[in-house]
Structures are given as structure tokens and as C-alpha cells.
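What follows is a set of notes on a single structure, which appears directly below.
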Protein chains: 2
Amino acid sequence: MPTPDSSPAAHLIAACGGRVTRTRIAVLEILQDSPRSLNHDDVAARLAADGMPHDRVTLYRTLDWLVEQGLAHRIIGPDRARRFKAGGEPRSQHAHFHCDRCGHVLCLESIRPDEQFTLPAGYQPERAELVFHGTCADCGRQRGAKA
Amino acid sequence: MPTPDSSPAAHLIAACGGRVTRTRIAVLEILQDSPRSLNHDDVAARLAADGMPHDRVTLYRTLDWLVEQGLAHRIIGPDRARRFKAGGEPRSQHAHFHCDRCGHVLCLESIRPDEQFTLPAGYQPERAELVFHGTCADCGRQRGAKA
DNA sequence: CAGCTAATGCAACATTGTAGCATTAGCTGC
DNA sequence: GCAGCTAATGCTACAATGTTGCATTAGCTG
């Protein structure tokens, strides 16, 4: 194979001071390639598709590590499973959109819940999480087709 | 014991067409008595405190039934566990507040996320879920005391 | 109060995530 | 390039939360 370092993902990982392993590179690239957040199974399936056999536990640890390093962030889905996406979250308090039709979770970077609300006196919010449920733009377009 | 029907909770249950059982009455009363949402364990602990021995499964089924009947609603906590609260949710799209200090989840009836945002074109939201994380009013007051 | 069946309680299982530990494989220094 | 250190992996077993199937109990109805 080509030197693993050829990938930008590998550079990001190295910059965190962690060891640059096949698993980390592959997982990070998978997250970066996806426009929507992926749960553990989604990632495992893609690793398998890439011919990378995998341990469940390693994947959990790899995903947690990426989040810890700020290379990915995580949200909890309605099915109480975690979903991951490349890129840290601390700076952007954006909203998410759960599509009830296709089940995907998308980021709405333009919506910032922390800037819009005034809480009752006494409450000191540090973080706001806003999730919309409904039909996403893609599914909305195909509305007549499959509904 | 006094006739079970003496309780308002019993009336609500009967009105749903379900059988009025000790468990349902007790669980619904527990939810109604709590200002904050309770997870499965919280409810189980209170049932035990009331001297009502309990099966885990029955409790899950009872809680699900109450939600199904619109007598309670449920939200998913950051620990990926469900939390329940008396009262339906369909009509009031209110926000929630997770206190990082005491771990409680409170309802902010005054904040309606569905009325405040304009999504990008194409998105058709049907429900919005807004959760704030931070310090609640109670914990904020005792700030110096225990932090 | 007899009978019907919803609700319960039990045991076993499913899913999602963690912990411990032996082995593998990145990295560093030579 | 190789040796050695140890982070990362992969395995097994376990924990937490929730579900399914089924026999038994107990509300409700006539």
C-alpha cells in the first residue's frame, strides 16, 4: 500500500500525538467522507466494505478517541445510539436534523440555538442542543414517489 | 386500602380504557408528583419505597403504556436512558433543561423551539427538540456552597 | 361469582457500550 | 534496519438498558 501518511486524515491523527494506525485513519476518513453522522454499525459496515476486519471494542475506542482529540463529535440519536461525525463541536453550537423518513442525521450549521433563547431567571445554560425531526430536503423532493 | 378509584390518577387510567391496576396508579402518581422527569430506576426506587415490589419488565411496559395513552411523555437523557414525566407532549413543544450539576431534567414550558427557527429550504420539520445543558436555578443558588 | 383476557412476573434474550488482559504493531533510539 | 517500549488492538467477559415469550394473576363484565 501507499505510505499511510499520504492521507490528510493521517496528518490530523499524528498532530494529536497519537499513533497513526490503519484503524484510526480508516475511521476518520469514513467520518470525513460522510455528509451525515454515522452510528457504530454504519462505520463498522464501511470498514468491512473496505476489507478491514474489525473488532467492535476497538471501533468504540477509536471513535471515543477521535472525539476526545476533537477530530470528531458525537450526538445521541433517538434510538439511544451514538452517532459520530468528523470535526469537533466546541466552537459551533449548531442544530441537527433527524429525518424520520430516511433516518439520517444532518447538521444545520446555520442554526445556533445558543444565540436565540432567553431562559427563565436563574438558569445558566452552557450548551444548547437543538434537534429537529421531520422530513429532510432530499426526502422531501421525492415526496410523492415513495410516501 | 381505600378504593383505588379515589385517586385522580385512577380516573385518568380508566378514561383510557385500560384496566386500573395498582401498578399503573402508583406509577402515574409517582410521575405526577415529580417536578422533574424520572428514569426507570427512579420510578422503581419510589415504588419500592411505597412498599410495592416490582418487576423490571412490568415497569417498562407500564411506562410505555402511559406514554402510548398520552398520560406521560418521554425524553432520552444524555446517558442514553429514557426519562419519563406525567402529561402528554404533542400539544406543547417545550424545551428541556439538563442540569449538569444535579443531573435533573426540567421542562421549560415557556420556550417553544418550533416557533423560533427558519430551516434551510426543503426541510420540513414536524417536531423540534431543544435541550439546554448547564446549571439549573436551584443549583445556581447554591453555587458557592458546594462547587 | 364464573369466565374472559389484559396485565403481571419470570426467564431468557437483544442491543449498546465497558473492563481486563494478552498480543500486535507503531514509534523511538540505536 | 533492528530492539525495545508501550499504545493500540482484539478477544472474552461483563454491565446497563430495553424486549420477547409464556405461564400465572387479577381486573372487568355479564
Side-chain angles (χ1 to χ4, degrees), chain A residues 1 3-7 9-28 37-45 47-48 52-69 71-72 74-84 103 105, chain B residues 1-7 9-28 37-45 47-48 52-69 71-72 74-84 103:
Chain A
M1 58 181 157
T3 46
D5 311 80
S6 56
S7 126
H11 282 129
L12 283 172
I13 290 164
C16 290
R19 287 186 183 171
V20 181
T21 67
R22 282 177 317 149
T23 306
R24 286 180 178 170
I25 297 172
V27 171
L28 183 51
S37 58
L38 303 172
N39 64 24
H40 166 274
D41 270 348
D42 294 329
V43 179
L47 282 175
M52 285 208 42
H54 250 87
D55 181 53
R56 236 162 50 83
V57 179
T58 299
L59 183 45
Y60 274 112
R61 287 197 276 229
T62 301
L63 287 167
D64 285 346
W65 184 85
L66 291 173
V67 170
E68 203 177 300
Q69 303 304 316
L71 295 178
R74 140 174 96 192
I75 50 183
I76 294 191
D79 53 353
R80 80 180 189 287
R82 299 172 179 169
R83 286 160 192 279
F84 298 85
V105 178
Chain B
M1 55 179 158
T3 47
D5 309 82
S6 56
S7 123
H11 283 127
L12 283 171
I13 290 165
C16 290
R19 288 186 184 172
V20 181
T21 67
R22 284 177 316 151
T23 306
R24 286 180 177 171
I25 297 172
V27 171
L28 183 51
S37 58
L38 303 173
N39 63 23
H40 167 274
D41 270 347
D42 292 331
V43 178
L47 281 175
M52 284 208 40
H54 249 87
D55 181 55
R56 237 163 48 84
V57 178
T58 299
L59 184 45
Y60 274 112
R61 287 197 275 228
T62 301
L63 287 166
D64 284 347
W65 185 86
L66 290 173
V67 169
E68 203 176 298
Q69 302 305 315
L71 296 178
R74 135 176 100 190
I75 49 184
I76 294 189
D79 53 355
R80 80 179 188 289
R82 299 171 179 171
R83 287 161 191 277
F84 297 84

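Just so it is clear, the structure is predicted and the values come from calculations on it, not from any experiment. Below, chain A is the first sequence line, B the second, and so on; all start at residue 1.
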Item to complete: State whether A/Arg74 places a side-chain N or O below 4.0 Å from either non-bridging phosphate oxygen (OP1 or OP2) of C/dG17.
Response: no
Fill in: Nearest-nucleotide pick for A/His54, side chain only, options being C/dG9, D/dG10, D/dT19
D/dG10
Fill in: Nearest heavy-atom neighbours spanning A/Trp65 and A/Gly18
CZ2-CA, 3.7 Å
Discussion item. With hydrogens left out and only the distance checked, is there a donor-acceptor pair under 3.5 Å joining A/Arg61's side chain and the base of D/dG10?
Written reply: yes
Fill in: Side chain A/Arg24 and base C/dG26 donor-acceptor under 3.5 Å
no
Worksheet item: Shortest non-hydrogen contact from A/Ser37 to A/Asp42?
Response: O-OD2, 4.5 Å
Practice prompt. Go through C/dT16, D/dT20, D/dC11 for me and flag the one nearest to the B/Arg80 side chain.
Written response: C/dT16
Response to the item:
For B/Thr23 and B/His54 the tightest heavy-atom approach is CG2-NE2, 3.3 Å
Worksheet entry | Side-chain N,O (B/Thr23) to OP1/OP2 (C/dA7) below 4.0 Å | no
Discussion item. Classify B/Thr58 by what it touches in the nucleic acid, base, sugar-phosphate, or nothing, heavy-atom distance under 4.0 Å.
Written reply: base
Worksheet entry | Closest approach of A/Ala26 to A/Leu47 (non-hydrogen atoms, all atoms of both residues) | CB-CD2, 3.6 Å
Practice prompt. Please tell me which of B/Arg56 and B/Gly18 maps to the more 5' nucleotide of DNA chain C, matching each residue to the nucleotide holding its nearest heavy atom.
Written response: B/Gly18
Discussion item. Could you tell me how far apart B/Ile25 (CD1) and C/dA6 (C1') are, to the nearest whole angstrom?
Written reply: 15 Å
Practice prompt. Begin with the C-alpha distance, continue with both residues' side-chain angles, and end with the deciding distance and a verdict on side-chain contact (heavy atoms from CB on, under 4.5 Å) for A/Arg74 and A/Leu63.
Written response: CA-CA 9 Å; A/Arg74 140 174 96 192; A/Leu63 287 167; over 6 Å; no
Worksheet item: Taking all non-hydrogen atoms of both residues, which atom of B/Ile13 and which atom of B/Ile25 are closest, and how far apart?
Response: CD1-N, 3.6 Å
Worksheet item: Rounded to the nearest Å, what distance is computed from the CG atom of residue A/Asp41 to the C1' atom of nucleotide C/dT16?
Response: 9 Å
Fill in: Closest to the A/Thr21 side chain, choosing from D/dC28, D/dT17, D/dT9
D/dT9
Worksheet item: Applying a 3.5 Å limit to both distances, which nucleotide forms a Watson-Crick or G-U wobble pair with C/dC10?
Response: D/dG21
Item to complete: Could you check how far CG of B/Asp55 sits from C1' of D/dT17, rounded to whole Å?
Response: 14 Å
Item to complete: Check the distance between C/dC13's C1' and B/Tyr60's OH and give it to me in whole angstrom.
Response: 14 Å
Practice prompt. Using whole Å, report how far CG of B/Leu63 lies from C1' of D/dG18.
Written response: 12 Å
Worksheet item: Rounded to the nearest Å, what distance is computed from the CD1 atom of residue B/Ile13 to the C1' atom of nucleotide C/dA6?
Response: 14 Å
Response to the item:
Here the distance between atom P of C/dT5 and atom CH2 of B/Trp65, to the nearest Å, is 19 Å
Fill in: Quiz item: B/Arg19 side-chain donor-acceptor pair to C/dA7 base, under 3.5 Å
no
Fill in: Partner nucleotide of D/dG4 by Watson-Crick or wobble geometry (both distances under 3.5 Å)
C/dC27
Item to complete: Just call it for B/Asp64: base, sugar-phosphate, or nothing, with non-hydrogen atoms closer than 4.0 Å on any strand.
Response: sugar-phosphate
Worksheet item: C/dA6 C1' sits how many Å from B/Arg22 CZ, rounded?
Response: 15 Å
